[in-house]
Amino acid sequence: MQKPKLRLGFLASKNGSSMRVILDAIARNELPAEARVVISNNRNAPALDFAAAAGVATAWIPTKHDPQSADLALTEAMVDAGVNLVVLSGYLRRLGPIFLERFRGRVLNIHPGPLPAFGGEGMYGRRVHEAVIAQGLGQSAAVIHLVDGEYDHGPEIARLELPLTPNETAESLEARLTALEPGFYLRTLQEIARGERLLPAG
């Protein structure tokens with residue numbers, strides 16, 4: 001029996017770099033999945049233009065002024081699109097309880113540092129890399145995890161470790177890890193699609 005295709009919904013606030021790599025892979029038949037919708041909280045997000053040019057449905061749902069209405073609207077948009085797995089690609093807003101309940105265990109995010117030690121509220125972007133450097137660690141990591149109601153708290157799905165160079169800086173670490181993240185995200189989705197990497201049941 002053939003495994004059902006992933007039906008992906010994306011959330012992106014800016015460029016959606018990982019989203020772009022994933023959409024290109026779907027177009028090349030390198031990922032057995034369907035891109036159902038790309039949603040942003042930013043009307044001018046380049047991710048929306050890229051998705052539209054690729055023939056993927058898009059939506060702008062602002063979240064700042066009425067988070068509760070946005071929570072419901074996001075949930076309805078993903079449900080209406082038939083999404084069964086949500087991929088965050090640089091989405092800079094916290095998801096609401098309605099959305100997280102409806103898609104429990106089916107929302108993926110990538111974090112640019114080892115979890116749980118370098119996660120939590122305020123730990124994003126270069127701040128993570130600065131903290132890793134300050135700790136004097138020998139390596140960092142990108143971690144794909146499930147999203148729940150706490151920042152960077154959900155179960156880990158996959159980890160890509162990256163050794164630090166002798167003269168590593170926060171800037172160089174950020175550049176190297178950022179370059180690796182889209183391919184890592186894609187490989188993880190390919191493994192999920194093939195049944196080689198499992199998400200929690202239900």
Side-chain angles (χ1 to χ4, degrees), residues 8 10-26 28 30-31 33 38 40-42 44-51 85-95 105-194 196-200:
L8 303 178
F10 297 87
L11 291 172
S13 292
K14 295 182 179 178
N15 289 318
S17 299
S18 293
M19 176 211 74
R20 294 172 184 240
V21 169
I22 295 165
L23 292 186
D24 285 344
I26 292 173
R28 294 193 302 267
E30 295 174 1
L31 174 63
V38 175
S40 182
N41 61 306
N42 174 13
N44 300 312
L48 294 179
D49 295 331
F50 184 92
L85 185 64
V86 179
V87 175
L88 305 192
S89 181
Y91 188 67
L92 304 178
R93 301 298 294 176
R94 192 168 189 165
L95 293 169
R106 292 298 179 269
V107 183
L108 294 178
N109 182 50
I110 188 165
H111 183 75
L115 292 177
F118 296 89
E121 189 167 3
M123 288 295 287
Y124 59 86
R126 188 164 294 177
R127 294 181 183 184
V128 178
H129 309 299
E130 290 171 345
V132 170
I133 296 292
Q135 285 288 320
L137 299 184
Q139 65 182 19
S140 188
V143 175
I144 293 173
H145 66 95
L146 293 176
V147 177
D148 61 16
E150 298 181 41
Y151 285 112
D152 309 319
H153 177 262
E156 181 174 317
I157 300 299
R159 175 177 292 237
L160 175 68
E161 295 183 340
L162 180 66
L164 272 61
T165 64
N167 299 313
E168 197 79 76
T169 65
E171 292 79 6
S172 66
L173 178 56
E174 181 179 43
R176 294 201 299 132
L177 203 56
T178 297
L180 294 173
E181 285 179 0
F184 172 46
Y185 224 152
L186 172 60
R187 291 192 300 275
T188 300
L189 287 172
Q190 289 169 330
E191 292 168 0
I192 292 171
R194 292 193 297 261
E196 297 170 1
R197 191 175 294 275
L198 301 179
L199 298 177

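Values below: all heavy atoms of this structure, side chains included; hydrogens, waters and symmetry mates excluded.
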Walk me through whether Y185 and V21 qualify under side-chain contact (heavy atoms from CB on, under 4.5 Å).
CA-CA 9 Å; Y185 224 152; V21 169; over 6 Å; no

Any chance you could measure [X], atom [atom1], to [Y], atom [atom2], to the nearest 0.5 Å?
{"X": "I144", "Y": "H111", "atom1": "CD1", "atom2": "NE2", "answer": "13.0 Å"}
{"X": "K14", "Y": "L48", "atom1": "NZ", "atom2": "CG", "answer": "14.0 Å"}
{"X": "L8", "Y": "S89", "atom1": "CG", "atom2": "OG", "answer": "11.5 Å"}

Does some side-chain heavy atom of [Y] sit less than 4.5 Å from a side-chain heavy atom of [X]?
{"X": "H129", "Y": "P112", "result": "yes"}
{"X": "F50", "Y": "V38", "result": "no"}
{"X": "T188", "Y": "I110", "result": "no"}
{"X": "L11", "Y": "V107", "result": "no"}
{"X": "P116", "Y": "H145", "result": "no"}

For [X], all residues meeting side chain to side chain contact (heavy atoms under 4.5 Å, CB included), sequence neighbours excluded:
{"X": "L164", "result": "V132, I133, S140, E168, L173"}
{"X": "R93", "result": "N41, T63, K64, Y91"}
{"X": "D49", "result": "none"}
{"X": "A25", "result": "R28, E30, L31, L186"}

Can you list everything that forms a salt bridge (charged side-chain N to carboxylate O under 4.0 Å, His left out) with E174? Sequence neighbours excluded, please.
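Partners of E174 under the salt bridge (charged side-chain N to carboxylate O under 4.0 Å, His left out) test: R126.
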
Salt bridge (charged side-chain N to carboxylate O under 4.0 Å, His left out) against E191, all qualifying residues, sequence neighbours excluded:
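By the salt bridge (charged side-chain N to carboxylate O under 4.0 Å, His left out) rule, E191 matches R197.
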
Tell me which pairs pass salt bridge (charged side-chain N to carboxylate O under 4.0 Å, His left out) where either residue lies in residues 127-139, with sequence neighbours left out.
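Found none.
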
How would you list, by chain and number, every residue that makes a side-chain hydrogen bond (donor to acceptor under 3.5 Å, both in side chains) with R94, sequence neighbours excluded?
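Once residues adjacent in sequence are excluded, R94 has no partner under the side-chain hydrogen bond (donor to acceptor under 3.5 Å, both in side chains) criterion.
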
For Q135, give me all partners under side-chain hydrogen bond (donor to acceptor under 3.5 Å, both in side chains), at least two apart in sequence or on another chain.
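Scan of Q135 (side-chain hydrogen bond (donor to acceptor under 3.5 Å, both in side chains), adjacent residues dropped) gives none.
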
Heavy atoms only: give me the nearest S40-A12 pair and the separation to one decimal.
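Residues S40 and A12, closest heavy atoms: OG-O, 2.6 Å.
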
State whether the side chain of R159 and the backbone N or O of P114 hold a donor-acceptor pair below 3.5 Å, judged by distance alone.
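No; zero donor-acceptor contacts below 3.5 Å.
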
Is the side chain of N15 donor-acceptor paired with the backbone N or O of P46 at a distance under 3.5 Å, no angle test?
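A pair under 3.5 Å: no.
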
Walk me through it: do L108 and L88 pass the test side-chain contact (heavy atoms from CB on, under 4.5 Å)?
CA-CA 6 Å; L108 294 178; L88 305 192; over 6 Å; no

Criterion side chain to side chain contact (heavy atoms under 4.5 Å, CB included) against L95, the qualifying member of D148, V86, V147:
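With L95 as partner, D148, V86, V147 yield a single side chain to side chain contact (heavy atoms under 4.5 Å, CB included), made by V147.
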
